[in-house]
Student: 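Please read through the structure below; I'll follow up with questions.
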Amino acid sequence: MATTQIKVNPDDLSKIPAGQERIPEPTILVIFGASGDLTKRKLLPALFHLEQVGLLPKELVILGVARRPIGDEFAADMREGILEFGDVDGADPKLAGFLQKIHYFAMNFDDPVGYEGLKRELETLAEANGIGGNRLFYLATAPEYFSPIIDNLGAHEMARPDQGSVRVVIEKPFGHDLDSARALNRDVNAVFDEKQVFRIDHYLGKETVQNILVFRFGNGIFEPIWNRNFIDSVQITAAETIGVEGRGPFYEKAGALRDVVQNHMMELLSMVAMEPPVSFEAESVRREKLKVWQAIPPIPILNAVRGQYGPGKVDGVMVKGYREEDRVDPESGTETYAAARLEIDNWRWAGVPFYLRAGKRLKKRATEISIQFKQPPLMLFNRHNSTGPCGEIQPNVITMRIQPDEGISLRFGAKVPTTQAMSVCPVTMDFDYETAFGKSTANGYERLLVDAMLGDQTLFSHRDGVETTWALYTPILQAWAAKTPEVFPNYFAGMWGPECADHMLERDHKVWRHI
Ligand code: BG6
């Protein structure tokens, strides 16, 4: 397929005018569960990237909190994480100063005495570093600690600011079904006002995800055709080549639907389908997203399928099946692949199917959204020879590549240069992020961490949104839990998922996009 690359001159890129960057107030960032992978692999590298570009307040303390008494080893461990996962040079002139900001406090999350100690530690650090009352509590622990930590912050008077602002960031999973999400929301809102709460979904920190709104609402040509009159169907894929990566016990309780579909994929869907918000502010954006989820009718069980990988070859390497993974039940019924067909019953989308699929150990790593347009009403070309030199005429497709190989492409038909006939072949116009804007080492948490420090909730989930998406998937989870699948594993690692996912689309005379 021919490809036309659109190039952007980096010198033309608009820069944020000096002095207009949003720099948060002096803050203590308290990370609960700081000895876990997330802190080392994502949070600290992201914080250092922010330091490199001058977007952190000068007076910042990062206080890691976890059970193990590791003291100064913590900062050394974080240094390693910053270098390895943040792609940072050890000689970076800002690194030594940044590491000075990192402190550690050991405590048990369910021990009230520990919270008294934590409170004193925060007062001491604030005093020593010229920081007033601003606190950002980041819950990166196992989910069973979310409520105890929140209760204790309330009970020990750390949740309400005397002066400054107190905010709490809550990692996923936010509940494991509708009831548990509601219970967690109740616990959270018993201590914190909704304005203080930042439920994080790291997909919203990705540039390519934010760009969906820019693509749609920052350009004049797409929105007029972004509806049921022109769009035939939408496919959203989150395909991973990795397996469960040592997270067996977590994944056994989660599965693909809870882990990725209910949250990341529903966020992507809402960005593609929402109405233009009245402004790019938290309330307007979140209201429009919620309206999309509320317009989705219950998903018939027939329109949700699950799969589990057996052994197979991924990228030429033999890998074991899910049931052979460390600390996974050898008869596990947990799905490592989930797909669903949804509709959105509103004026813009009625009748347009949205197909979602997510899985581990698939053939290729690719997260993308593809919007397939309707065929022209009259086929003028490739008429007498319906196959043509490139086969049948293909419908137009806009594909947003979220990762890797970030970009957007438009497929359209072009005349094949020949004097003999009017033959049409598909070609693509392609926008590639790296070519246009250079390589980025950002991992998505940079934007979300700054926004949380600034109190900007636009890219965070509201309680109503979380409950609405859980309400959609809970009946499916219940139906799946009631019946262990007989045919698991039902796809080989390195394939595109189980056959039942293909059959679901065949009913609509469709196929999954070939990636
Ligand atoms: C996490 C899931 O939320 O998202 C993981 O728990 C998954 O299982 C990951 O691998 C995917 O994130 P990304 O940014 O690599 O697409």
Side-chain angles (χ1 to χ4, degrees), residues 33 36-43 45-46 49 85-87 138-143 146 169-176 181 199-212 236-269 271 306-309 314-315 319 322 325-328 332 334-338 356-369 400-406 433 440-449 459-461 466 469-470 473 493 497 515:
D37 257 12
L38 181 77
T39 312
K40 182 173 177 175
R41 284 172 179 258
K42 303 281 186 186
L43 301 183
H49 290 154
F85 304 110
D87 205 7
Y138 196 117
L139 308 195
T141 62
F146 292 168
V169 179
I170 305 172
E171 262 295 337
K172 71 180 272 273
F174 198 89
H176 55 268
R199 296 175 194 80
I200 198 164
D201 183 314
H202 78 279
Y203 263 55
L204 292 179
K206 293 182 194 278
E207 285 292 337
T208 43
V209 174
Q210 292 166 32
N211 189 49
I212 300 171
I236 307 183
T237 301
E240 298 183 88
T241 49
I242 56 169
V244 288
E245 305 283 284
R247 294 194 305 157
F250 158 78
Y251 204 82
E252 276 286 88
K253 285 196 249 153
L257 198 71
R258 286 192 173 94
D259 188 35
V260 171
V261 179
Q262 175 271 337
N263 37 68
H264 305 327
M265 297 200 82
M266 293 306 278
E267 290 291 350
L268 295 180
L269 175 124
M271 302 286 250
R306 55 181 160 163
Q308 186 192 74
Y309 63 85
V314 178
D315 291 333
V319 297
Y322 176 68
E325 300 273 10
D326 183 30
R327 290 170 294 159
V328 166
S332 173
T334 300
E335 83 284 357
T336 58
Y337 176 101
L356 273 47
R357 62 174 163 168
K360 297 219 178 264
R361 288 285 191 225
L362 298 184
K363 193 174 180 67
K364 196 169 167 190
R365 176 171 179 242
T367 302
E368 61 162 58
I369 300 163
M400 300 180 181
R401 299 188 305 274
I402 304 298
Q403 66 187 19
D405 182 25
E406 292 83 355
Y433 259 84
S440 166
T441 53
N443 65 25
Y445 277 91
E446 290 83 355
R447 169 73 192 262
L448 298 175
L449 282 162
L459 298 176
F460 293 84
S461 314
V466 172
T469 50
W470 273 122
Y473 288 108
I515 297 177

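As the structure lists them, so they are numbered: ligands from 1, and atoms in each ligand from 1. It should be emphasised that the depicted structure is a prediction, and the values quoted were computed from it without experimental measurement.
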Student: Which atoms of ligand 1 are found less than 4.0 Å from any heavy atom of K360?
Tutor: 5 (C), 7 (C), 8 (O), 10 (O)
Student: Give the residue, atom name and distance (to 0.1 Å) of the protein heavy atom nearest atom 16 (O) of ligand 1.
Tutor: Q403 NE2, 2.5 Å
Student: How far is atom 4 (O) of ligand 1 from the closest protein heavy atom, and which atom is that?
Tutor: H264 NE2, 3.3 Å
Student: Specify the protein heavy atom at minimum distance from atom 9 (C) of ligand 1: its residue, its atom name, and the distance to 0.1 Å.
Tutor: E240 OE1, 4.2 Å
Student: Against heavy atoms of K172, which atoms of ligand 1 measure under 4.0 Å?
Tutor: 1 (C), 2 (C), 3 (O), 6 (O)
Student: For Y203, is the nearest heavy atom under 4.0 Å from an atom of ligand 1?
Tutor: yes
Student: How many angstroms lie between CG in L204 and CG in L268, if you round to the nearest 0.5 Å?
Tutor: 8.0 Å
Student: Within the 4.0 Å heavy-atom shell around K206, which atoms of ligand 1 are there?
Tutor: 13 (P), 14 (O), 16 (O)
Student: Against ligand 1, does E245 come closer than 4.0 Å with any heavy atom?
Tutor: no
Student: Spell out, as yes or no, whether a donor-acceptor pair under 3.5 Å connects the side chain of E335 to the backbone of A256.
Tutor: yes
Student: Any salt bridge linking E240 with K360? Criterion: basic side-chain nitrogen under 4.0 Å from a carboxylate oxygen.
Tutor: yes
Student: Quick one: pull up CD1 in I515 and CZ in R365 and give me the separation to the nearest 0.5 Å.
Tutor: 12.5 Å
Student: Is the backbone of Y433 close enough, under 3.5 Å, to the side chain of E207 for a donor and an acceptor to pair up by distance?
Tutor: no
Student: Measuring from atom CE of M265 to atom CG of L356, what distance do you get when rounded to the nearest 0.5 angstrom?
Tutor: 4.5 Å
Student: For Y251 and E325, what are the C-alpha separation, side-chain angles and deciding distance, and is it a side chain to side chain contact (heavy atoms under 4.5 Å, CB included)?
Tutor: CA-CA 11 Å; Y251 204 82; E325 300 273 10; over 6 Å; no
Student: Looking only at protein heavy atoms, identify the closest one to atom 6 (O) of ligand 1 and say how far it is in Å.
Tutor: D259 OD1, 2.6 Å
Student: Looking only at protein heavy atoms, which one is nearest to atom 5 (C) of ligand 1, and how far off is it?
Tutor: R247 NH2, 3.1 Å
Student: Inspect the surroundings of NZ in K40 and state if more than 12 heavy atoms from other residues, nucleotides or ligands are less than 6.0 Å away.
Tutor: yes
Student: Test your reading of the structure: does H202 have an N or O sitting under 3.5 Å from an N or O of ligand 1?
Tutor: yes
